[in-house]
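Computed from a prediction, not measured in an experiment: that's the story for all the values here.
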Amino acid sequence: MIKFFRKIRQKLLVENRFNKYALYAIGEIVLVVIGILIALQINNQNELRKEQGITNKYYQGFVEDLTADRSMLDTLIYIRNKQHVCAEALIKSVERKEIHLDSFYNNYYYLFPFYKFAPRPNTLEEVLNSSQLRLITDENIKTKLLELRSLYSRIKVGEEHVYEDRTVYLYNHRTLDHIEFNGLYVNAENKSFLKSKDVEQYKKDAEYFLNDRYFKNFMNLLKFNLDYQIPILVEARKECNLIIELINAKLKDDKIL
């Protein structure tokens with residue numbers, strides 16, 4: 001092809017046909033420019049396809065992470081709501097000075113284990129740490145993800161308050177001197193405290209808690225913290241679901257699903 005064009009140029013020069021040679025030269029330059037532009041266009045398209053592939057991988061990673069988060073939030077919302085009910089029941093027992101031993105301790109020991117929210121931030125943190133946030137071109141999804149990240153931070157702060165209050169209450173001589181930790185096993189195995197070999201000790205400790213202002217204050221504080229925490233968990237769960245739907249809709253539009 002190069003030899004062919006060279007022969008044409010030489011023939012035009014030999015025949016002293018300068019005007020045609022000039023037109024030919026311009027045409028050749030135009031062809032070269034068009035070729036370069038086409039090559040750049042192909043290269044740009046390849047780069048765009050490559051970036052789109054990375055973006056779609058991130059979107060699919062978000063869906064996996066958020067699906068796991070949503071499941072964990074479902075569990076945690078159930079636990080927090082039950083803990084709230086238990087705290088309210090214990091407060092009523094104190095206020096009425098009435099105790100049904102099994103009910104009292106089933107509520108009491110359900111508050112002991114600390115269930116912590118541990119989200120899966122893998123994909124979002126990878127995107128942020130690698131400065132690839134620009135690849136998430138859907139501004140609505142991007143904004144929602146960052147808002148959810150902020151919401152998770154609020155959950156963490158709230159849990160730290162609950163954990164600290166719980167630790168201060170439990171690991172205090174006023175509590176430790178009036179609690180049987182084997183009651184955790186009785187509760188976990190759904191056994192009756194009334195039929196326990198330590199029933200008299202359980203009765204004695206329960207009477208103590210009925211008249212312990214420290215215990216009542218802790219229950220009220222726990223209930224207050226749960227009143228704050230539960231709506232945030234519900235909101236986070238709602239946002240997880242919404243973002244999953246938005247991403248799936250986008251992937252479907254892009255014909256990835």
Side-chain angles (χ1 to χ4, degrees), residues 1 26-81 114-163 225-257:
M1 183 65 72
I26 292 171
E28 191 173 0
I29 292 171
V30 170
L31 286 174
V32 170
V33 171
I34 290 174
I36 293 172
L37 291 175
I38 291 173
L40 288 173
Q41 181 67 21
I42 292 172
N43 184 62
N44 287 339
Q45 288 177 348
N46 288 336
E47 286 298 316
L48 286 173
R49 276 195 292 269
K50 182 179 177 182
E51 289 190 350
Q52 188 61 48
I54 295 172
T55 300
N56 291 333
K57 186 187 85 170
Y58 284 146
Y59 279 141
Q60 290 164 349
F62 290 141
V63 170
E64 290 177 7
D65 290 347
L66 292 172
T67 300
D69 289 352
R70 182 177 61 184
S71 177
M72 189 178 300
L73 285 165
D74 283 338
T75 301
L76 201 55
I77 289 168
Y78 171 81
I79 291 171
R80 293 285 188 260
N81 277 319
F114 182 73
Y115 304 93
K116 185 178 180 181
F117 179 50
R120 275 178 50 173
N122 302 353
T123 305
L124 183 56
E125 292 306 316
E126 180 184 343
V127 170
L128 294 174
N129 293 333
S130 61
S131 302
Q132 299 281 24
L133 193 58
R134 64 180 181 81
L135 295 179
I136 310 304
T137 54
D138 190 304
E139 291 299 323
N140 189 28
I141 292 175
K142 185 190 299 183
T143 300
K144 290 287 185 184
L145 285 167
L146 294 176
E147 288 176 348
L148 183 62
R149 189 170 184 251
S150 176
L151 204 56
Y152 284 176
S153 295
R154 289 172 60 194
I155 292 173
K156 182 180 179 182
V157 170
E159 286 184 337
E160 287 173 353
H161 280 297
V162 173
Y163 181 76
N225 283 327
L226 291 173
D227 283 336
Y228 172 77
Q229 276 286 92
I230 292 171
I232 300 177
L233 294 171
V234 172
E235 183 182 354
R237 199 269 181 203
K238 180 181 176 182
E239 288 302 308
C240 277
N241 204 52
L242 175 60
I243 297 170
I244 290 171
E245 290 177 356
L246 288 172
I247 293 175
N248 282 336
K250 179 165 182 58
L251 291 175
K252 185 176 181 180
D253 290 341
D254 293 341
K255 297 180 180 180
I256 300 299
L257 289 180

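Put simply, CD1 on Ile244 and OG1 on Thr67 are 3.5 Å apart, with the number rounded to the nearest 0.5 Å. The structure places CG of Leu233 at 15.5 Å from OH of Tyr78, a figure rounded to the nearest 0.5 Å. Distance check, rounded to the nearest 0.5 Å: CZ of Phe62 to NZ of Lys57 gives 11.0 Å. Once rounded to the nearest 0.5 Å, the distance linking CZ of Arg120 with CD of Glu64 reads 6.5 Å. The NE2 atom of His161 lies 9.0 Å from the CD atom of Gln229; values are rounded to the nearest 0.5 Å.
Asp65 and Asn122 get closest at one heavy-atom pair: OD2-N, 3.6 Å.
A salt bridge links Arg80 with Glu159: the closest approach of a Lys/Arg side-chain nitrogen to an acidic carboxylate oxygen falls below 4.0 angstrom. Between Lys142 and Glu139 a salt bridge is recorded (basic side-chain N to carboxylate O distance below 4.0 Å).
Between the Ser153 side chain and the Arg149 main chain, a donor and an acceptor come within less than 3.5 Å of each other. The closest donor-acceptor contact from the side chain of Thr55 to the backbone of Leu135 lies under 3.5 Å.
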Check step by step if side chain to side chain contact (heavy atoms under 4.5 Å, CB included) holds for Leu73 and Phe117. CA-CA 7 Å; Leu73 285 165; Phe117 179 50; 3.8 Å; yes
Report the C-alpha distance between Glu245 and Asn241 in whole Å, list the side-chain angles of each, state the deciding distance to 0.1 Å, and finish with yes or no for side chain to side chain contact (heavy atoms under 4.5 Å, CB included). CA-CA 6 Å; Glu245 290 177 356; Asn241 204 52; 3.4 Å; yes
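The side chain to side chain contact (heavy atoms under 4.5 Å, CB included) with Leu148 is formed by just one residue from the set Thr143, Ile243, Leu242; it is Ile243.
Defined by atom type and a distance below 3.5 Å, a donor-acceptor pair is present between the side-chain atoms of Tyr152 and Asp69.
Applying the side-chain hydrogen bond (donor to acceptor under 3.5 Å, both in side chains) rule to Asn225 yields the partners Asp165; only residues at least two apart in sequence or on another chain are considered.
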